[in-house]
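This report refers to the structure that appears directly beneath it.
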Amino acid sequence: MAPEKRSERGIRIAIDRGGTFTDCVGNPGTGKMEDDVVIKLLSVDPSNYDDAPLEGIRRLLSKFTGKEIPRGEPLDTSKIESIRMGTTVATNALLERKGEDIALVVTKGFKDCLEIGNQSRPNIFALDIQKPEVLYKKVVEIDERVTLEDYAEDPERHETKAESIEKVDNNATLVRGLSGETVRILQRPSEEKIKAQLQEVYGSGLRSIAVCLMHGYTYPNHEALIGKLAKEIGFEHVSLSHKLMPMIKLVPRTTSACADAYLTPAIKKYIQGFQAGFEGGLGAGSVKREKGSKGARCEFMQSDGGLVDVDMFSGLRAILSGPAGGVVGYALTSYDPETKIPVIGFDMGGTSTDVSRYGSGRYDHVFETTTAGVTIQSPQLDINTVAAGGGSRLFWRNGLFVVGPESASAHPGPACYRKGGPLTITDANLFLGRLLPDFFPKIFGKNEDEGLDVEASQNLFRELAADINKEVAGGNKDKEMSLDEVAYGFIKIANETMARPIRSLTEARGHDTSKHRLATFGGAGGQHAVAIAEALGISQILVHRYSSVLSAYGMALADVVDERQEPESKVWADDADVRKYLQQKMADLRAKSTATLKDQGFSDDQIHFEEYLNLRYRGTESALMVVKPTKAEAEKEYDGDEWAFGKAFIKQHEQEFGFTLPDRDIIVDDVRARGIGKTFEGLEKTVDQQLKEIKPKDLPKGEKQYSTGQVYFEGGRQETPIYKLEDIAVGDRIRGPAIIADGTQTIVVTPGASALLINTHVIITIGETDGQDKKVDTKEVDPIMLSIFAHRFMAIAEQMGRALQKTSVSTNVKERLDYSCALFDSDGGLVANAPHLPVHLGSMSTCVKKQAEIWKGKLKRGDVLVSNHPMFGGTHLPDITVITPAFSGESIVFYVASRAHHADIGGILPGSMPPNSRELFQEGAAIKSEKLVSEGHFNEKRITELLHEEPAQWPGCSGTRCLADNINDLKAQVAANQKGISLISTLIEDYGEDVVRFYMKNIQDNAELSVRNLLKEVSKRFEGQDLSAIDYMDDGSPIKLKVTIDSEKGEAVFDFEGTGSEVYGNINAPEAVTFSAIIYCLRCLISEDIPLNQGCLKPIHVKIPKKSFLSPSDNAAVVGGNVLTSQRVTDVVLRAFHACAASQGDCNNLTFGFGGMTSTTTSSSSPRTETKGFGYYETIAGGSGAGPTWHGTSGVHTHMTNTRITDAEVFERRYPVLLREFGIRRGSGGLGMHRGGDGVVRDIEFRKDVVVSILSERRVFRPWGAEGGGDAERGLNVWVRSVEGVGGVDSKSDVAEGKGEEVRYRYINLGGKNTASMKAGERIIINTPGGGGWGKEGEESREVRKQDPMHAWRKGSVAQRQELAEASA
């Protein structure tokens, strides 16, 4: 441990209580690493001790004092300098849902805000949608309301002035909130009423409450009042959202408040029990009170990588307490501030593999993460679970090797743990000789005294290999795979699975993976580190001597941290006023932090600060937390200006996103100060300093060897020397193959790599591989290579997506991730695409195939094509596809394409999504087939004609309203395609063109096989039954389907004969949309991960009658086909297969705004004027259909869409609206043995005159129930319209409350598709449809609840990205 500055009082102890093991590192007070004592014990061992950390401390004290302390005797704190601890108490309470019972207190109209969340579903292909359960038992709605007076999208930038919150009296209607925004108080709460409501909660036995009110981050008075009254009533714990994290966003802030109220009591209980084991108190307070004789410092690790005094440790900040120690551990021991080489942390334990990154001397924090289904808003280290660790289970599925995400967990554990567990990665390593039973603790078997069971692993591999060979070899002995090959195949797939998200973590932030070092720790990391590093292009691996207890060691090195943050809304400017204002705000935060840290015994010279502003460009949501430049950075880059936040933001934006927006304001969202109490002087010598000084010497063969073993490497088993770590001296270098092990870790050094021992680490350097492993046979399909190529192709599509997002400028692409990237074979058949937007699945290849036919023999290198026309594989016009061919010699070997949703491409309405279009020209520019780039030259003139000039020739139409954004995004699409081509070229260099093309074809054959097997199984299930269905659009147009399956071949005909004719409206759907719907449904029915590509459609023959509305003519309007008809086609396919009841069958597309191009007459030549304004578009959730083993889910998006809803507070900040209600529409789901999910009610009041359009379905025909289940309620769109001077109020009108003059409102049904000009004060209320029920009501439920294998994963930025990508359909 590092030398500390504090009094030499004695023993320092650091502990990490993990899921399986508790690790303890103790030092007698010398601070020297050689004096450290390390103890590892089971976290749960009730027959021997009650609490593992206490037991660890007892053993360490016994060792240091030289006398055995009996168990149960209170431990004497007078010898202890400090105890530092990371714990999984909070995480476990969250995972097992064993926290405190709580009530949630929210603003009226939002009681369901957490049940709806952001309305997207976690798994887009699951018909049984399972959202995480909410944490509260009761909800209380408070009749109070405030809103923001001004709105960010105001083209006039009007700012209302008001007195600050501290200065105004209680009756003011307008006040300046903490963020500097003007707040209008619409409804003050009644104290009497709140008291009565809280008393009722208290009477029900609940003692912990969470309070989160609309805009509480900037106007906390109403929350504070509720908090005061709750304390008076006697609630033991009250979590107020503005105190925990004053950041905008209602849903994450509410979840955070709930998590805090739910977990803090559990933590306090645990700490009380822990403290009871000591004689004398723990914590800074006890040190003061007891004059230091008995009290000992005790700090807990928080999720942000900082320690906090035991008395201040809270549930919200505790969720990553354990893994955070590991990040601190590798960051401080592996990073050198001189050489500045960034480090990727790879923590592979028994039940999870976590990755993170550390660079530029600061931790990467994220402010919104999800753990156990709970999204938390609070600074946390960006830790991402990417696999289930050594416990990842091994499967052979649909002709592919699959690893995880299912885990054998700690119990029963892997097969070799002697508890009858399944085959796992640990078993594969053991079987291949890469894990040594000699070095593994003997804690298995009935009496917990036996070692690992190699035979159990071998037997299960024998069974699995038999299954694989039966399918692959079909009785031909020459084709059979050996047990070694099967086990090694799984190791390769595991490495491939883990490398993909690591690449995503680094590249999404604009970093090059290959320029990092890999720091590996955790029990299983050493067996995989070399392969992972090779896959990522990393050449050096650092394995700390304490790598298996690095989390505990990290606790010993960490600093005490005090985080402060306040919301803001200022526009950044380099003028003195703005700076002065922000500097004062920062100084106030620093003062509060300093006081807290001094209270814990830190002196001024030990307190340091990191100062941040959370900045973003106006009109975007991607805020960046920008740190204040250091003195050195300021000198070098900003002319010595240390407050150059604006310039630092622009630089960071350029690095992370690849562009800047010089004409946009920079908005300050938050001011943050991170106070750091330094507790140690720094480590002895960094890795790079040691490397400079050491003269490596190669160990001669046989010297210092412990033994040898037959270990499997690429190509076969090799006689491999085994070394004990403690036998090797500093400076010894060992050439691979070799294994280095001690009691806690096994490091595999592959042939071609070498390991060097320095004081603190084992350093593995990866040499040049001899290239042997790349010679791949193309005569026979190797299932391992097939699985690897499936990952590689997907990884290429994902990296194209990241390149597109990085270089685009529009909100749709950059923030909503509304795009898809894909690669295709030379015929235009889809090989892989990402992310999985159901509606793009089948349609992209239709587009590429069509273009490949049109341009056959005419394309040259450097040509790029563009198309969006529905007859050419487009879905609707805003989705523009850019296609690039890749050549080998003169021939095209493959294509890459990217499709992005453009915010506007002309037509009759802004947004190019008109609800009442009748002809295609009214929806904007329609491009059949054009060259966007000719031999490297971007044809800007032609694309401007196509997007801007040609659409404006039509009556009542405008050209695109954002040409600059269109051109920028098209250039970004070209760049993304280029990225794809260069990545596949690298793959071709590695494996050869014939191999890559061979596996492109075979990955499609594999998907085809999966679909054929599904169809054979379905035909057995429905033998003799009619697989047909019919359903209707609201205008009465039928969609009719008959499915005929050939059970021998596993082929099916999907015949849509009898479907209605083309419609003079916009619900016509291009054929490509139907293909997409069919692929989506098949993937849902297979319910296992299969590669989604052209092969899925090979066994399917689709017959669509020409001139029907599923195969419309060239000029038919199609905007509703993509978002409405696609949903009905899905319902019809699933009905034919008897899969589930109908879901809401709708996207409820709402648009509103004002401004744009207008002309005075309808003639196309009349002069046009442009009014500045804004446009907004959203889709709204409904109910999902019930099925044979599940109830429907309420308030969720279904099938062909999964877009997120804008958070309520952000919605009101950006637009002139008041969201009166967003809740579940109770009772709207169909009844049945399993109930359908309910729709939602969304009630929006407009505060300015706007044009509102709604494009929706299921307003006439109800979503049907199945197998005797009831139908759901149909949707209803209501316009609450002011009618002045009309006498008498009928039952469908009401009188406005609180208005001076009498304004009467009438409720008008808008129908399913309409546009209306609404005045300020008027509302639209959208009641969305529910889902149908399944089975007769009253029958006994057959519900099966499945646990998501990734439930416990830590979802940092990588998972956020993935979820956002899948929520952009």
Side-chain angles (χ1 to χ4, degrees), residues 776 778 789-790 792-797 799-801 803-804 820-834 840 842-869 872-874 880-899 927-939 942 970-971 973-1005 1007 1072 1075 1091 1093-1095 1097-1098:
V776 180
T778 54
F789 272 106
R792 292 282 168 93
F793 292 144
M794 265 311 280
I796 289 170
Q799 284 170 276
M800 284 173 68
L804 175 54
S820 233
C821 294
L823 53 144
F824 304 83
D825 61 23
S826 51
D827 305 324
L830 177 67
V831 175
N833 86 317
H840 292 173
S843 55
M844 292 247 299
S845 67
T846 315
C847 179
V848 175
K849 279 187 157 162
K850 200 96 175 179
Q851 300 301 324
E853 278 165 35
I854 294 170
W855 292 92
K856 199 169 184 180
K858 299 179 206 160
L859 291 174
K860 299 194 171 95
R861 279 176 198 271
D863 285 352
V864 181
L865 305 173
V866 61
S867 173
N868 70 341
H869 197 289
F872 288 69
I880 301 182
T881 308
V882 171
I883 302 160
T884 309
F887 289 84
S888 171
E890 293 304 302
S891 60
I892 293 173
V893 280
F894 59 88
Y895 292 90
V896 289
S898 52
R899 175 175 282 177
I927 304 166
K928 289 182 176 174
S929 182
E930 294 274 348
K931 271 193 193 177
L932 178 64
V933 181
S934 300
E935 296 183 57
H937 172 71
F938 188 82
N939 299 328
R942 179 63 183 139
L970 286 168
K971 284 180 176 169
Q973 287 177 258
V974 172
N977 287 4
Q978 204 42 54
K979 174 82 173 169
I981 286 176
S982 78
L983 289 167
I984 301 179
S985 304
T986 307
L987 206 57
I988 287 173
E989 274 170 37
D990 284 355
Y991 289 98
E993 187 188 313
D994 52 340
V995 173
V996 173
R997 291 179 79 159
F998 177 76
Y999 280 102
M1000 272 187 176
K1001 180 187 168 297
N1002 279 292
I1003 202 74
Q1004 295 178 18
D1005 294 350
F1075 287 126
N1093 58 43
Q1094 210 55 40
L1097 282 174
K1098 277 190 188 150

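From a predicted model like this one, the values you see are computed outputs, not experimental measurements. Note that these values count all heavy atoms, side chains included, but never hydrogens, waters or copies made by symmetry.
Residues satisfying the ring-ring contact (aromatic ring centres under 6.0 Å, His included) test with Y999, not counting sequence neighbours, are F789. When the side-chain contact (heavy atoms from CB on, under 4.5 Å) test is applied to T846, the partners found at least two apart in sequence or on another chain are A1072, F1075. Remark: K931 pairs with D863 by the salt bridge (charged side-chain N to carboxylate O under 4.0 Å, His left out) rule, at least two apart or across chains. With sequence neighbours excluded, the residues forming a side chain to side chain donor-acceptor pair (under 3.5 Å) with D1005 are K1001, listed by chain and number. Every salt bridge (charged side-chain N to carboxylate O under 4.0 Å, His left out) that E930 has, sequence neighbours left out, goes to R942. Qualifying ring-ring contact (aromatic ring centres under 6.0 Å, His included) partners for F872, counting only residues two or more places apart in sequence or in other chains: H869. In this structure Q978 satisfies the side chain to side chain donor-acceptor pair (under 3.5 Å) test with no other residue, sequence neighbours excluded. For K928, the side chain to side chain donor-acceptor pair (under 3.5 Å) partners at least two apart in sequence or on another chain are D1114. Annotation: side chain to side chain donor-acceptor pair (under 3.5 Å) contacts of S934 (sequence neighbours excluded): N939. Under the rule for a side-chain contact (heavy atoms from CB on, under 4.5 Å), the partners of S845 that lie at least two apart in sequence or sit in another chain are F824, L830, Q1094.
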Kindly list each side-chain donor-acceptor pair under 3.5 angstrom involving residues 854-862, sequence neighbours excluded, with atom names and distances?
unit_1 : atom_1 : unit_2 : atom_2 : d
W855   : NE1    : S929   : OG     : 2.7
K858   : NZ     : I854   : O      : 3.2
R861   : NH2    : G889   : O      : 3.1

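Considering every non-hydrogen atom in both V996 and F793, the closest pair reads O-CZ, 4.0 Å. Nearest approach of M844 to A822, heavy atoms of both residues: CE-CB, 3.7 Å. Minimum interatomic distance between R997 and S826 (heavy atoms only, all atoms of both residues): NH2-OG, 3.4 Å.
Sorted by first then second residue, the side-chain hydrogen bond (donor to acceptor under 3.5 Å, both in side chains) pairs that include residues 884-897, not counting sequence neighbours, are T884-N977, S888-E993.
Within the model, atoms CD1 of I1003 and CG of D825 stand 12.5 Å from one another, a figure rounded to the nearest 0.5 Å. To the nearest 0.5 angstrom, I883 atom CD1 is 12.0 Å from K850 atom NZ. The CD1 atom of I981 sits 12.0 Å away from atom OG1 of T986, with the distance rounded to the nearest 0.5 Å. Distance check, rounded to the nearest 0.5 Å: CZ of F998 to OH of Y991 gives 14.5 Å. Put simply, CE on M800 and OG on S898 are 5.5 Å apart, with the number rounded to the nearest 0.5 Å. Atom CG in L823 sits 9.5 Å away from atom CG in L987 (nearest 0.5 Å).
Checking each of N868, N833, T881 against R899 for a side chain to side chain donor-acceptor pair (under 3.5 Å) leaves exactly one that passes, namely T881.
Using a 4.5 Å heavy-atom threshold, the side chains of V864 and V882 count as touching. Using a 4.5 Å cut-off on side-chain heavy atoms (C-beta onward), C821 and V896 make no contact. You'll find the side chain of F894 reaches within 4.5 Å of the side chain of I984, heavy atoms only.
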task: Quick one: do F887 and V893 satisfy side-chain contact (heavy atoms from CB on, under 4.5 Å)? Show the steps, please.
output: CA-CA 6 Å; F887 289 84; V893 280; over 6 Å; no
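Put simply, the side chain of Q973 gets close to the backbone of I880: a donor and an acceptor are under 3.5 Å apart. With D827 contributing its side chain and G829 its backbone, the two residues share no donor-acceptor pair below 3.5 Å.
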